[in-house]
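We name chains A, B, ... by the order of the sequence lines, and we start the count at 1 in each one.
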Amino acid sequence: IEKKEVSDLASADLAKKRLVKDEKVNKLQDELNRAISENKKLTETLARVCESYNALHSYLEALQSRKSPEHDNFQKEHDKFASSSTGLGYGTTEIISDDKATVSTAYFPADKSDTSLSVRDGYQWRKYGQKITKDNPSPRAYFRCSFSPSCPVKKKVQRSAEDPSLFVAHYEGTHNHPGPHVGGSRTVKLDLVQGGLGPVEEKKERGTVQEVLMQQMASSLTNDPKFTAVLAAAISGRLIDQSRT
Amino acid sequence: STTSALVDELNRVSAENKKLSEMLTLMCENYNVLRKQLL
């Protein structure tokens, strides 16, 4: 009788363990199914957005080539800047003067996950373009000085091909007004500020509306089971905001 | 072994989802920049 009792207890214990393991496996399986479903929806959404982007890009290019050769000229100018030799360190600038314009290049530390391509150089800028091409998959962002058109300065920002932890900013022209942070060491100051912060704090410091939205979108995908709804709301919210402005 | 295989697969898919979401965010940003230009 004693042996039977022991045997019963052991089998009951075994059954309990098996049940717990089955529950765990089921949970994991559910989670995996959810992640796969998210993956599929994300892929579909991305494909749709890419399609829309390409269509809009083609349309805009056609429009610009007909109406405004200025953008193309600026693009050509900046392609020249990008191919010019630099060899500079962190936060330093090199100024090349020619007959047409003053050209300078500056390097800024960049967070690897930062896709905004915005650098703090002491001036305020208005972004007017960003593009990726097949031959150059690194995104390039184009900015005009916020005092434009009275101030002619433009800049192009791109992640460095040699060192992805750096942003390279190419400037064209000279500001005809004082910047918000007047002083000769504006880029050095930036380095000190950014270098002293951890990645998370740095992101908080940079907390522009766009970046916060981006973070929300990315984190909602991994944390929220209803990610598509949240994502769709965030994207449509941004689209609405953009169209309002 | 089933559990660890599931965990591995889940991690892989989650990492892929993260990359996809980042790409989607970037594309949305690019798209909005273009829209703004057009407007």
Side-chain angles (χ1 to χ4, degrees), chain A residues 21-22 24-29 31-39 41-43 45-46 48-50 52-57 59-61 63-64 71 113 115-117 127-132 139 141-142 210 213-215 217-222 227 231 234-235 238-239 241-243 245, chain B:
Chain A
K21 194 184 174 188
D22 285 350
K24 197 177 173 185
V25 168
N26 285 341
K27 251 186 188 176
L28 276 169
Q29 190 66 56
E31 185 72 10
L32 182 61
N33 289 341
R34 192 184 65 76
I36 289 170
S37 164
E38 277 180 16
N39 192 295
K41 284 177 185 170
L42 270 171
T43 309
T45 313
L46 187 61
R48 278 203 303 274
V49 173
C50 283
S52 306
Y53 175 84
N54 287 334
L56 199 63
H57 189 258
Y59 177 67
L60 198 67
E61 263 189 349
L63 210 67
Q64 278 176 340
H71 182 271
S113 61
T115 54
S116 67
L117 292 174
K127 194 173 184 178
Y128 70 93
Q130 181 161 328
K131 76 180 206 178
I132 304 172
Y142 298 92
Q210 279 196 339
L213 270 170
M214 280 164 61
Q215 282 175 353
M217 285 161 78
S219 64
S220 66
L221 285 165
T222 47
F227 83 103
L231 179 67
I235 293 170
R238 287 188 65 200
L239 289 175
D241 284 349
Q242 294 278 347
S243 60
T245 55
Chain B
S1 61
T2 314
T3 311
S4 66
L6 278 170
V7 169
D8 287 349
E9 183 65 3
L10 186 60
N11 286 340
R12 192 188 63 77
V13 177
S14 296
E16 204 175 311
N17 282 359
K18 198 181 169 195
K19 278 183 188 169
L20 280 168
S21 71
E22 285 168 1
M23 283 169 71
L24 188 58
T25 306
L26 181 65
M27 284 309 297
C28 285
E29 193 166 312
N30 289 336
Y31 182 80
N32 282 329
V33 169
L34 281 188
R35 266 176 58 99
K36 210 172 180 181
Q37 270 186 287
L38 206 63
L39 291 171

- Message: Please report the interatomic distance OG(B:S14) to CD(A:E38), rounded to the nearest 0.5 Å.
- Response: 7.5 Å

- Gap between atom CE of B:M23 and atom SG of A:C50 - 0.5 Å precision: 6.5 Å

- d(A:K41 NZ, B:N17 CG) to nearest 0.5 Å is 11.5 Å

- Message: Under the rule for side chain to side chain contact (heavy atoms under 4.5 Å, CB included), what residues qualify as partners of A:T43, not counting sequence neighbours?
- Response: A:N39, B:L20

- Item | Spatial distance of atom CD1 (A:I36) from atom CD (B:E9) [nearest 0.5 Å] | 6.0 Å

- Positive for side chain to side chain contact (heavy atoms under 4.5 Å, CB included) with A:E31, one of B:V13, B:L10, B:V7, B:L6: B:L10

- Message: For the NZ atom of A:K21 and the OG1 atom of B:T2, what is their distance to the nearest 0.5 Å?
- Response: 5.5 Å

- Which region of B:L34, side chain (C-beta onward) or backbone (N, CA, C, O), has a non-hydrogen atom less than 4.5 Å from a non-hydrogen atom of chain A, or is it both or neither? both

- Item | Minimum side-chain heavy-atom gap B:L26-A:Q130 below 4.5 Å | yes

- Query: Are A:K127 and B:E29 close enough for a salt bridge, meaning some N to O gap below 4.0 Å?
  - Reply: yes

- Nearest heavy-atom contact between B:Y31 and A:L56 is CE1-CD2, 3.8 Å

- CD of B:E22 to CG of A:L46: how many Å apart, nearest 0.5 Å? 12.0 Å

